[in-house]
2 protein chains.
Amino acid sequence: MIINKNCILRLSRYKNALTRLKSLGFVKVFSDNLADAVGVASSQVRKDFSLFDIQGKKKGGYLIDELIEKLNIILGKNKVQKVVVLGAGNMGTAMMNYRGFEKEGIKIMACFEIDPEKFNRDAIIPILPLDELKTFIKEHKIKLAILAVPDMAAQQAWGMLKDAGIQGVMNFAPIRLRDAEDYVINNVNLELELENVVYFVNALNRSKAKE
Amino acid sequence: MIINKNCILRLSRYKNALTRLKSLGFVKVFSDNLADAVGVASSQVRKDFSLFDIQGKKKGGYLIDELIEKLNIILGKNKVQKVVVLGAGNMGTAMMNYRGFEKEGIKIMACFEIDPEKFNRDAIIPILPLDELKTFIKEHKIKLAILAVPDMAAQQAWGMLKDAGIQGVMNFAPIRLRDAEDYVINNVNLELELENVVYFVNALNRSKAKE
DNA sequence: TAGATTGTTAATCGATTAACAATC
DNA sequence: TAGATTGTTAATCGATTAACAATC
């Protein structure tokens with residue numbers, strides 16, 4: 001069974017919608033409701049569920065509590081996901097302070113830096129020297145990392161992460177990491193995302209000018 | 001002519017690859033070279049170019065300088081793109097300090113905040129009260145914004161941006177902005193991106209366990 | 001010229017959606 | 001029962017890639 005990235009993104013969105021519905025007092029839901037909430041066809045919802053063997057009742061829809069539970073297990077939210085951050089620059093610091101992760105069950109355990117001036121062992125999320133990376137990751141059995149170092153340092157940092165046993169990375173450096181075949185790499189390139197907005201705004205204005 | 005988001009992302013990638021090739025001293029390039037650099041088929045490259053009426057020589061390929069020039073115009077990089085940031089929290093601050101934008105011709109003009117303690121008119125990028133937003137945007141003819149306020153404030157902030165004449169937004173709040181039909185909204189949801197890594201790492205380990 | 005590369009059409013591939021039998 | 005909803009198959013849609021005539 002091959003699952004693509006978009007499908008998983010939809011599962012997360014279903015889950016968020018379900019949490020809202022639950023907080024409004026709803027107990028069950030139909031594929032139609034979820035489809036509306038997320039903006040896809042109802043058959044998409046049912047197909048996504050069937051890929052993960054989630055079944056409803058032919059006329060009664062799906063029980064929200066059960067559904068949330070199952071989605072949480074699929075998405076790995078039934079246990080805390082431990083993460084390290086590499087680089088205590090702007091993006092790394094923003095990630096450490098970001099409130100959104102904690103409530104999604106993602107716990108940032110530590111940040112690793114090269115600049116001694118930034119070290120801080122006593123912070124809630126300690127900032128530690130890079131050469132402690134491997135020991136820390138092994139000791140805490142961490143599989144996930146956020147890579148937020150300068151572009152030039154990214155490839156080398158990725159080497160260290162692999163060596164330490166990391167399996168998945170959210171990478172903010174705008175380069176394609178080499179030797180990453182059997183690993184999970186999610187590249188997030190904020191320049192490109194903003195450039196995209198620039199293009200489509202300009203295109204919008206060109207088409208308006210034509211009218 | 002309908003252009004999709006992925007196509008524009010590829011154009012940005014071609015442009016980055018071309019800049020590297022140029023810095024290595026290359027003068028011309030074939031669709032095959034670019035395809036390798038970006039990881040698509042060479043016919044994809046030629047098709048993308050033909051959508052924007054970019055033509056090469058049947059045997060001589062494309063002149064790098066010319067190509068970069070044309071891509072820059074398409075991507076709006078021939079002039080400085082002015083942007084405002086809403087929210088001087090972690091993400092907003094990270095965006096203001098982010099080095100990547102400047103070198104891509106994107107200039108953050110100001111940040112707007114609700115908390116008076118964060119105001120700072122004298123900073124290189126001033127942090128100003130929200131009620132100056134509209135005047136500032138009109139005065140500087142700004143079309144783009146980065147929305148980095150707390151979830152609960154995002155919809156209201158979007159209303160203010162629209163009212164001020166903003167046309168495109170990179171939105172970090174994990175909500176779908178309402179009343180955004182004729183605008184360009186690019187939602188960047190970092191929780192979802194990291195959750196995605198979580199899922200695929202777990203899936204990887206499950207498939208390893210089976211072997 | 002022979003060989004190589006473009007530009008474009010046709011084929012393929014994958015993902016989304018529509019349709020509908022099964023059934024509650 | 002009649003009506004509504006699921007689960008799944010088939011149809012559609014869109015994007016990517018292969019193929020190849022044109023041509024330098």
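All of these numbers come straight from a predicted model, not from anything done at the bench. In what follows, chains are A, B, ... by sequence order, proteins preceding strands, each numbered from 1.
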>> Without decimals, in angstroms, what is the distance between A:Asp53 CG and D:dT6 P?
In response: 17 Å
> D:dG7 P sits how many Å from A:Phe49 CZ, rounded?
Replying inline: 10 Å
> Atom CD1 of A:Ile3 and atom C1' of C:dA15: how far apart are they, to the nearest Å?
Replying inline: 12 Å
> How close or far is atom P of D:dT17 from atom CG of B:Asp48, stated in whole angstroms?
Replying inline: 10 Å
> Would you say a side-chain N or O of A:Asn4 is under 4.0 Å from OP1 or OP2 of C:dG14?
Replying inline: no
>> Quick check on D:dG7: is either OP1 or OP2 less than 4.0 Å from any side-chain nitrogen or oxygen of A:Ser50?
In response: no
> What's the CG-C1' distance between B:Leu63 and C:dT5, to the nearest Å?
Replying inline: 14 Å
> A:Gln55 has a side chain; which of D:dG7, D:dT17, C:dT17 sits nearest to it?
Replying inline: D:dG7
>> Under the criterion salt bridge (charged side-chain N to carboxylate O under 4.0 Å, His left out), I'd like the reasoning laid out for B:Lys15 against B:Glu104: C-alpha separation, chi angles, the key distance, then a yes or no.
In response: CA-CA 11 Å; B:Lys15 206 220 61 186; B:Glu104 295 298 334; 3.4 Å; yes
> Which nucleotide sits closest to the side chain of B:Arg10: D:dT5, D:dA10, D:dT16?
Replying inline: D:dT16
>> Output the rounded distance in Å from CD (A:Gln44) to P (D:dT6).
In response: 15 Å
> Can A:Lys134 and A:Asp163 be said to form a side chain to side chain contact (heavy atoms under 4.5 Å, CB included), step by step?
Replying inline: CA-CA 8 Å; A:Lys134 189 169 177 176; A:Asp163 181 49; 3.3 Å; yes
>> Quick check: on DNA chain C, is the nucleotide nearest B:Tyr62 upstream (toward 5') of the one nearest B:Lys59, or the reverse? Name the residue that is more 5'.
In response: B:Lys59
> Rounded to whole angstroms, how far apart are NZ on A:Lys47 and C1' on D:dC13?
Replying inline: 14 Å
>> For a quick check of understanding: with a heavy-atom distance under 4.0 Å over all strands, which category does A:Ser42 fall into, base, sugar-phosphate or nothing?
In response: nothing
>> Is it the case that the side chains of A:Ser42 and A:Arg46 hold a donor-acceptor pair, with the cut-off being a distance below 3.5 Å and no angle test?
In response: yes
> What does C:dC24 pair with, Watson-Crick or G-U, if both distances are under 3.5 Å?
Replying inline: D:dG3
>> If I take atom NZ in residue B:Lys5 and atom C1' in nucleotide D:dG14, what distance separates them, rounded to the nearest angstrom?
In response: 17 Å
>> Would you say B:Arg46 places a side-chain N or O within less than 4.0 Å of OP1 or OP2 belonging to D:dT17?
In response: no
>> Could you tell me if A:Asn196 and B:Asn186 have a donor-acceptor pair between their side chains, going purely by distance under 3.5 Å?
In response: no
> Between A:Asn6 and A:Lys57, which has a closest nucleotide on DNA chain C that is more 5'?
Replying inline: A:Asn6
>> Is there a side chain to side chain contact (heavy atoms under 4.5 Å, CB included) between B:Val198 and A:Val184? Walk through the geometry before answering.
In response: CA-CA 9 Å; B:Val198 170; A:Val184 179; over 6 Å; no
> Paired with C:dT17 by Watson-Crick or G-U wobble geometry, both distances under 3.5 Å: which nucleotide is it?
Replying inline: D:dA10
> Looking at C:dT5, does its base get a donor-acceptor pair with the side chain of B:Lys58 below 3.5 Å?
Replying inline: no
